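Scroll down for the structure; my scribbles are underneath it.
Throughout, protein chains are lettered first and strands after them, A, B, ... in sequence-line order, and every chain is numbered starting at 1. None of these values were measured; they are calculated from a predicted model.
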Amino acid sequence: MAPPDASASAAEAAQSASGGKRLRFRVQLVVFIALAVGYTIFFQRHLQVYVSETLLIGGTLSLLGLWKLIWDAIGTAGRGRPDDLLRRALESPNAPEYLAFATLLLLVLLATTSSIYLSYEGDGGGQPFTVEIWQAGKMLLPPQTLNPYDHTKGQPFFLNKSSADVEFRITSPTGYRPLKEPNHLWSAHRVEVPASFDKKALQLLRVIPGAALLSSLPDRADDPGRGYELRILTPAGQVVVPHYVKTVVYTGMTTEDLSTESDSDQHTALRQAIDDYLAGLHFPADQRTPMAVKLSANPMLAASAELKAASVVTFQIYARDAPDGGAAPATAPKESPIMSVSYTIPTDGARVHSVILESH
Amino acid sequence: MTSMLARLRNLFNMILVVTCASASAVAAPQVSVRFVVAAPTFAQNLGAVKSQVERDVATALASDVTAYFPVVLWDASAPAQAAAELRLTLTEIPASPLPAISLVWSAIVGGQAVSTADLPPIALYGSFDLERATHDPANLASIIQQKLAAWLQNQDDRERLKGLLKLIPLAHSVEVDSQAEHILVPLSLAQSKMDSSSILLVTFDVSNAGNTLRGKLKMSGLLETRSGVTVRTCGTVNAFEYPQALGSNGWSPLIPQLLAAPSVASVFIDEYVRSDFDTVNGNFVNP
């Protein structure tokens, strides 16, 4: 039988060892919970598309750890139960090593992983959207086409090295401003298409030759005789149509927007606008209809800076006489315009405007 | 030897025939045909090719008019001092919403502008015609030529052009055959493709006591006569007017007397009937 002092001392030692072991368990349990939360956050930020159950799994693990922590605090938590796997794992001698590795890995992943995901949100009218993603002059991904039925599109980027801003551009349809987002090595970009983009307030001008010009302009640029040059003076600069012929000229925006917007401008509406103008001058239908068809058949695009409502645009027409004895139009226009028409873009909310070039 | 002589004889005959033919030909008066693009929209837009259009249309017009009235020599490249000038001008007529474009006639005879009020303008583009060939010389020339051809096919319009023809003198001398009571003028019916039923008008100015009096006579029953290498047209008088004499519907003894005096005579078309017979070198082939 052991002396009472010795047994007391042993009991104290055992109690002390048990207390240290318990403290270490609790600390490792806290680290485990922190790791579970950290990985959950990581997966949730960057890999949700691929592992959509991350929140469920990570959350469950975190809750389990918390549950254990609480029960341990009130004195149970499976103590003495050999089948408690979590306790056995955390109390194992290798646990600190694994926890340290997992922590280090988590820190590296969180610090160097970014992701870009696009989702179809907002008033897209059901049409597909094509988005290009650029960073420092390079396209990060192939153009992404989003349809209304697409959940998300995109991917994570591991071990990032660049923190340059990322630019998202809707290339189809046009009419949206690019979206530039600051970027870090750990950024998670969530872009809603088209909701995250600002829609441009584009103003499309259809420039229609007036009756006098219609009876004067050449049909083609290489027609012999006098040529004409159209200059469009906008607040942002001048646009020149060197060979102005019998057709409609679209202007008011940049090349990319102009091609799409002029395409979407319904020919019926354009023809109607021409027909209305000519009908106002009492031209008979047999003259109006062929001319409306002709003018709308091959419109010219004159890209300009983006025009805004209330902008004043001046259209000047210059004659370019053929050189003596030559049939081809000359290159140098005359000094004074033969016609000058100013137009103020209305602020009534309309986006498409017909401008008739005629002397008043 | 015989063969050589025969050949020489043939050659001599050929030279004689050619000489006679050319000597007998009486030059028809030359009428300059001009087309002018004056409408500013067309003149400016056609630019350097305007003159080409003007030449093309003038040539076509001369050809068309010649087909109906070969009595004079219609020539698009005739010099400015021709007996007469027929001018067609592409003219802009103010209208709304667009100016109308018409072909307007004008004429000069003997250096003097003559009235063409009887020749109404030919409408080319109405004020509601939007499509105009302002940059297409070939198309413009073609459109104008079609308009002119259609215009000339119209009998009434041709009659109007005849009015101008009556102002152009075909000859400036006459002779009188008193015995036969014929008037002779230096014209070739065959060359003019003039039918014998045509009527010629002769005007003559006679100086009388310091005054110049003008007489007129009309010739009908025309017939081509040859005297040596000279070809003339003779006809009978069917009307005679002179201020100091009674008019008559036929021959007057005054005629030889008046025309024998120093006078200025001119021969005009009074009624032109085109001969349907073909001619070669100024001779009727199958009269």
Q) Where does A:Leu217 contact chain B at under 4.5 Å (heavy atoms): side chain, backbone, both or neither? A) backbone

Q: Compare every heavy atom of A:Asp219 with every heavy atom of B:Glu131, then report the nearest pair and how far apart it is.
A: OE1-OD1, 4.4 Å

Q) For the residue pair A:Leu281 and B:Phe128, what are the closest heavy atoms and their distance? A) O-CE2, 3.6 Å

Q. What distance do B:Leu130 atom CG and A:Lys294 atom NZ have between them, rounded to the nearest 0.5 Å?
A. 9.5 Å

Q.
So which atom in A:Phe283 and which in B:Leu98 form the shortest heavy-atom distance, rounded to 0.1 Å?
A. CZ-CD1, 3.9 Å

Q. Counting only heavy atoms not in A:Asp286, do more than 12 fall under 6.0 Å of its CG?
A. yes

Q. Chain A heavy atoms under 4.5 Å from B:Ser127: which part of the residue, side chain, backbone, both or neither?
A. backbone

Q: For B:Thr41 and A:Ser215, work out which heavy atoms get closest and say how close.
A: CG2-O, 3.8 Å

Q | Heavy-atom contact with chain A under 4.5 Å, split by part of B:Asp129 | A | both

(Q) Between B:His135 (side chain only) and A:Arg226 (backbone N and O only), is there a donor and an acceptor less than 3.5 Å apart? (A) yes

Q) Is it the backbone or the side chain of B:Pro99 that comes under 4.5 Å from a heavy atom of chain A, or both, or neither? A) neither

**Q.** Neighbour count >12 (heavy atoms, 6.0 Å) for atom CG, B:Asn139
**A.** yes

Q) Of all of A:Ser216, A:Ala211, A:Pro284, which one pairs up most often with chain B through heavy atoms under 4.5 Å apart? A) A:Ser216

